[in-house]
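Just below is one structure, and these are the notes that go with it.
In what follows, every chain begins at residue 1, and chains take the letters A, B, ... in the order their sequences are listed.
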Amino acid sequence: MKIKAPRGTKDLCPDKSYRWQYVENKIRSVIHAYNYGEVRTPIFEYTELFQRGIGDTTDVVQKEMYTFLDKGERSITLRPEGTAGVVRCFIESGLVAGPQPTKMYYLSAPIFRYENPQAGRLRQHHQFGVEVFGAKDAAADAEVIELALHILHSLGVNNLSLHINSIGCPHCRPRYNQALKDYYAQRKGALCKTCLERLERNPLRLLDCKEESCSRLAREAPVITDYLCEECAGHFAALKKYFSAVGISYTVDPKIVRGLDYYTKTVFEIISEDIGAQGTVCGGGRYDGLIEQIGGPSMPGVGFGMGIERLLMVMEGAGVQIPRPEPLQVFLCTIGQPAKLLAFCAVCALRAAGVSADMDQAGRSIKAQFKYADKIGARFVLTIGGDEIEADKAKLREMATGVEKEVTLSKPLEWIK
RNA sequence: GUGGGUGUAGCUCAGUUGGUUAGAGCGCCAGGUUGUGGCCCUGGAGGCCGUGGGUUCGAGUCCCACUACUCACCCCA
C-alpha cells in the first residue's frame with residue numbers, strides 16, 4: 001500500500017511553489033507600508049486557549065480541532081485559526097506593556113481543521129492574517145479591511161465583493177437575539193429541522209439557512225443593525241464613513257455572522273463568486289473582549305484571516321499571470337573525469353558570483369546532457385572535454401538561438417556578460 | 001457527520017455482450033556512428049486494473065462492502 005499525504009492536505013511541489021513565493025513577497029512589500037511587524041507563533045497550543053478564545057460551543061471547537069495528549073499528558077491542539085495564538089503571544093511576551101496599538105501579521109501560517117475536504121477547503125490550509133490590538137476606533141477596522149483589499153488588488157484580484165455587518169456587543173446582542181427568538185417562535189411551522197434546533201442555541205444562524213422557507217422568513221426577520229446600542233451603531237456608522245472617504249464600496253449583509261464567538265461589532269468577508277461553494281477568501285472582524293478573555297487586560301482588537309489556497313484559486317480564475325522564476329543560466333556538459341573536476345570548480349565560481357549554474361551528475365552521454373539542459377530550460381550550455389581543457393577555450397551555446405561564442409575556459413566569470 | 005460522482009502505467013485515458021501473456025498517447029531512461037538539445041525513428045523500464053469478499057469453468061468488465069479522490073451540505077479561509 002502506497003503511503004499518501006493525509007486526507008485534506010496538499011504537497012507544494014517546486015513547479016508550483018514560485019506562485020506562493022510571489023504572493024508572499026507581494027504581501028510583505030505591501031504591508032511594509034502599514035506599520036505591521038511579523039509574528040510567528042507555534043502551530044500547536046494548549047487546547048484551553050482555543051476553548052476560551054474561540055468559544056466552547058462553536059463548531060470549530062466542538063468537532064473540528066486536531067486535539068491530542070502529548071507524552072506529558074497535556075492536551076494539545078493544532079491551531080484551528082490564527083488569532084488566539086497571537087493574542088496569547090501578545091500577552092505573554094509583554095507586548096501588552098509596550099506602546100499601543102500593536103500591529104502584527106502572520107504569513108502562510110498553517111491552520112488545521114478536521115473537516116470534510118472539498119473545493120477550497122482543506123484539513124491543513126494556510127493563512128495570511130493581521131491583528132491590531134489596542135485600537136478601539138473604527139479607523140482600525142477600516143485600516144485592516146483596506147489593507148486586505150489593497151493586497152488583493154496588488155495581486156491582480158478585483159472581482160471580489162466586500163460584505164460587512166455589525167453583530168453588536170455583549171450589551172446589545174442579547175436584545176437582538178431575543179427579538180429573533182420572538183420572531184421565529186411565532187413561525188416555527190415554516191422552519192426546517194436543523195433551524196428548529198438552532199433556534200435556542202444560536203438564533204443568529206437561522207438567518208443563514210438556505211432552505212427556501214427559512215430564507216423567506218429570514219428576509220422579513222428583525223435586522224441586527226436596528227438593535228445596536230448607541231456605541232455599536234456609532235462605530236458602524238464611523239466605519240462606513242471611512243469607507244466612503246477612500247471610495248471603498250461594500251454591501252451591508254446582515255447574514256454575515258461568523259462562526260467564532262469572539263467577534264463583536266464589525267464583521268466582514270471578502271467573497272469571490274468564481275472558486276466554488278467556498279467563496280470566502282478573507283474574513284475577520286473586531287474582537288473587543290478576546291484579549292481579556294485569554295487573561296490579558298481589557299483591550300480591543302481587530303483583524304482578519306486570508307486563505308492563501310483560496311487566494312491562489314481566485315488569482316488563477318482571474319487569469320493573473322505570475323512570473324516564473326529565472327531558469328538556470330549555465331549548464332556544463334562534460335566528457336571525462338578531468339572535465340568534471342574543472343566543471344565543478346567553474347560552477348562553484350559562478351554560483352559564488354550569484355550566477356545559477358549546474359553540471360552533469362548523472363554520468364550521461366553528451367547528447368543526453370544536452371537534452372537535459374534543454375528540458376530544464378537552461379539558457380547557456382558549455383561543453384568541456386579534452387580539447388577544451390588543452391586549449392583553455394570552449395564554446396558557450398545559447399540554447400534558444402543556437403548561437404555559440406568562444407570563451408576562455410579558466411575564466412568562468414567572463415562567460416556571462 | 002450526511003449525500004452525489006469517480007478509482008486501469010508518473011499524467012490523460014482506451015479496454016467491445018465477462019474469454020487466454022492488459023493497451024495507446026504524453027512523460028521517463030537508453031540507442032539511432034566514435035563529443036551536442038528541440039523534429040523524427042527504434043528499444044526499454046513502469047500496472048496484484050483502489051482494497052477485500054461474492055457470482056462464474058473463467059472477472060479490469062457483473063454484485064456487495066470498505067477505502068481513497070472529488071463535488072456539495074454543514075461550517076469556514
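Remark: P of B/rA77 and CG of A/L107 are 17 Å apart, rounded to the nearest angstrom. In this structure, CD1 of A/I366 is placed 11 Å from C1' of B/rG37, rounded to the nearest angstrom. Atom CZ in A/R113 sits about 6 Å away from atom C1' in B/rA77, given to the nearest Å. As a whole-Å value, the separation of A/R397 CZ from B/rG37 C1' is 7 Å. Protein atom CG of A/L312 is 17 Å distant from nucleotide atom P of B/rA77, rounded to whole Å.
Side-chain contact annotation: A/Q124 with A/T9, donor-acceptor N/O pair under 3.5 Å absent. For A/Q178 and A/Y227, the side-chain atoms include no donor-acceptor pair closer than 3.5 Å.
When the nucleotides B/rC75, B/rU36, B/rG35 are ranked by their closest atom to the side chain of A/E404, B/rU36 comes out on top. Comparing B/rA77, B/rA68, B/rG31 by their nearest atom to the side chain of A/S365 picks out B/rG31. Relative to the side chain of A/T383, the nucleotides B/rU36, B/rC28, B/rG38 differ in distance, and B/rU36 lies closest.
A/R351 has a carboxylate O that lies under 4.0 Å from a charged side-chain N of A/D358, or vice versa, which qualifies the two as a salt bridge. A salt bridge links A/E143 with A/K103; the closest basic N to acidic carboxylate O contact falls under 4.0 Å.
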### Task
Starting at the 5' end of RNA chain B, write a dot or bracket for each base, bracketing those in Watson-Crick or G-U wobble pairs whose two distances are under 3.5 Å and using | for partners on another strand.
(((((((..((((.....[...)))).(((((.......))))).....(((((..]....))))))))))))....

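Nucleic acid contact class of A/E398 (heavy atoms, under 4.0 Å, all strands): none. No contact: A/A373 has no heavy atom under 4.0 Å from any strand. Residue contacts for A/G284: at a heavy-atom cut-off of 4.0 Å it reaches no nucleic acid atom on any strand shown. Counting non-hydrogen atoms under 4.0 angstrom, A/L260 reaches the backbone sugars and phosphates but no base.
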### Task
Carefully, step by step, assess A/F331 and A/F370 under the rule ring pair (Phe, Tyr, Trp, His ring centres under 6.0 Å).
CA-CA 9 Å; A/F331 186 83; A/F370 258 85; 8.5 Å; no

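Contact annotation: A/R364 reaches the phosphate of B/rC29 (side-chain N/O to OP1 or OP2, under 4.0 Å). Residue A/Q118 places at least one side-chain N or O closer than 4.0 Å to OP1 or OP2 of B/rA72.
Within the structure, salt bridge (charged side-chain N to carboxylate O under 4.0 Å, His left out) contacts touching residues 368-384 of chain A (residues at least two apart or in different chains) are A/R379-A/E398.
Of the residues near RNA chain B, A/R123 and A/A277, the one whose nearest nucleotide (by heavy atom distance) lies more toward the 5' end is A/A277.
Ring geometry for A/F243 versus A/Y250: interplanar angle of 30 to 60°, hence tilted.
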